Amino acid sequence: MLVSSDDIFYPEKTEVQLDFMNKNRALFSNTSYYCINENGKVITPSLGIHLPNKLELIKAMSKGNIINGCTVMMNRKIFDLIGVFDETLPYTHDYDLWIRILQKFDIHCLSQPLLLYRVHSQMGSNKLAVSIKKETFIVVNRHRAKMKQLMLKHLRKQ
């Protein structure tokens, strides 16, 4: 699990998410979340990934990162099989890892919000938006061929 210093896990996050993963035999999962402002007030409805199938997830992830890293929980076996974060990507190392995971494993999404994600003017994703956009382009292009193959594989299944 990853958590930013200004975000808040629900006290039951670990227990609920681990139980969800065990029931689904999942090695990777993420949850929904609420955005909060500087004062801790919830400012959004529940947010998260609510796509109907893996093909739609592949399509979305081929364009950009839709997974909030602070909602993720994964089995450490994944690192042995996929590798770790690419440290040459200072802003999108998580996105790169999620794409590599998606190519080998299912991503299980728990719709229950278990995180309060703080949004404010000084947050890195706002201050570094231009750099993040450039780096996202690099990651998308790095994985374009494999993601296209994955999409075609799932299209054939339908």
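For clarity, every value in this text was computed on a predicted model and none was experimentally measured. Residues: numbered from 1 along the sequence shown.
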Within the distance-only criterion (no hydrogens, no angle test), does the side chain of [X] pair as donor or acceptor with the backbone N or O of [Y] below 3.5 angstrom?
X    : Y    : answer
S32  : S111 : yes
N24  : A26  : no
R118 : D7   : no

Considering only heavy atoms from C-beta outward, does the side chain of [X] approach that of [Y] to under 4.5 Å?
X    : Y    : result
L81  : K104 : no
I36  : Y117 : no
H120 : D6   : yes
Y10  : Y33  : no
S29  : M74  : no
I49  : N30  : yes

Just how far is it from atom [atom1] of [X] to atom [atom2] of [Y], taken to the nearest 0.5 Å?
X    : Y    : atom1 : atom2 : answer
D19  : E12  : CG    : CD    : 12.0 Å
K146 : Q103 : NZ    : CD    : 5.5 Å
R25  : N75  : CZ    : CG    : 14.0 Å

Following the transitive rule for hydrophobic clusters with a side-chain heavy-atom cut-off under 4.5 Å over Ile, Leu, Val, Met, Phe, Trp and Tyr, establish whether [X] and [Y] coincide in one cluster.
X    : Y    : answer
W98  : F79  : yes
F85  : I101 : yes
F137 : L97  : no
Y91  : I138 : no
V84  : V72  : yes

task = Evaluate the criterion side-chain contact (heavy atoms from CB on, under 4.5 Å) for residue pair E87 and H93; output intermediate values, then yes/no.
result = CA-CA 7 Å; E87 294 180 18; H93 51 274; over 6 Å; no
Atom pairs and distances, donor-acceptor, side-chain atoms in residues 53-64, under 3.5 Å, two or more places apart:
residue : atom : partner : partner atom : Å
N53     : OD1  : L55     : N            : 3.1
N53     : OD1  : E56     : N            : 2.9
K54     : NZ   : L102    : O            : 3.4
K54     : NZ   : F105    : O            : 3.1
K54     : NZ   : D106    : OD1          : 3.3
E56     : OE2  : K59     : NZ           : 3.4
S62     : OG   : I58     : O            : 2.7

message = With side-chain contact (heavy atoms from CB on, under 4.5 Å) as the test, pick out the partner of T71 among L110, L114, T31, L47.
response = T31
Identified side-chain contact (heavy atoms from CB on, under 4.5 Å) partner of H143 from the options V139, N141, V140 = V139
message = With a 6.0 Å cut-off (strictly less than), is the heavy-atom count around CZ of F20, excluding the residue itself, greater than 12?
response =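 Yes.
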inquiry  = Tell me whether K13 forms a cation-pi arrangement with F9, defined as NZ or CZ under 6.0 Å from the six-membered ring centre and within 45 degrees of its axis.
reply    =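 Yes, cation above the ring, under 6.0 Å and within 45°.
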task = I would like to know whether K153 and K157 meet side-chain contact (heavy atoms from CB on, under 4.5 Å); could you show each step before the answer?
result = CA-CA 7 Å; K153 176 183 167 185; K157 286 183 181 180; 4.1 Å; yes
message = What verdict does the side-chain contact (heavy atoms from CB on, under 4.5 Å) test give for L116 and V42, after you've listed the backbone C-alpha separation in whole Å, the side-chain angles of each residue and the deciding distance to 0.1 Å?
response = CA-CA 8 Å; L116 298 173; V42 174; 4.3 Å; yes
query = Do L27 and H108 pass the side-chain contact (heavy atoms from CB on, under 4.5 Å) test, and can you show the C-alpha distance, the side-chain angles, and the key distance before you say yes or no?
reply = CA-CA 8 Å; L27 294 179; H108 295 260; over 6 Å; no
ask   = Is any side-chain N of the basic residue among R76 and D80 closer than 4.0 Å to the acidic one's carboxylate O?
value =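 D80 and R76: not salt-bridged.
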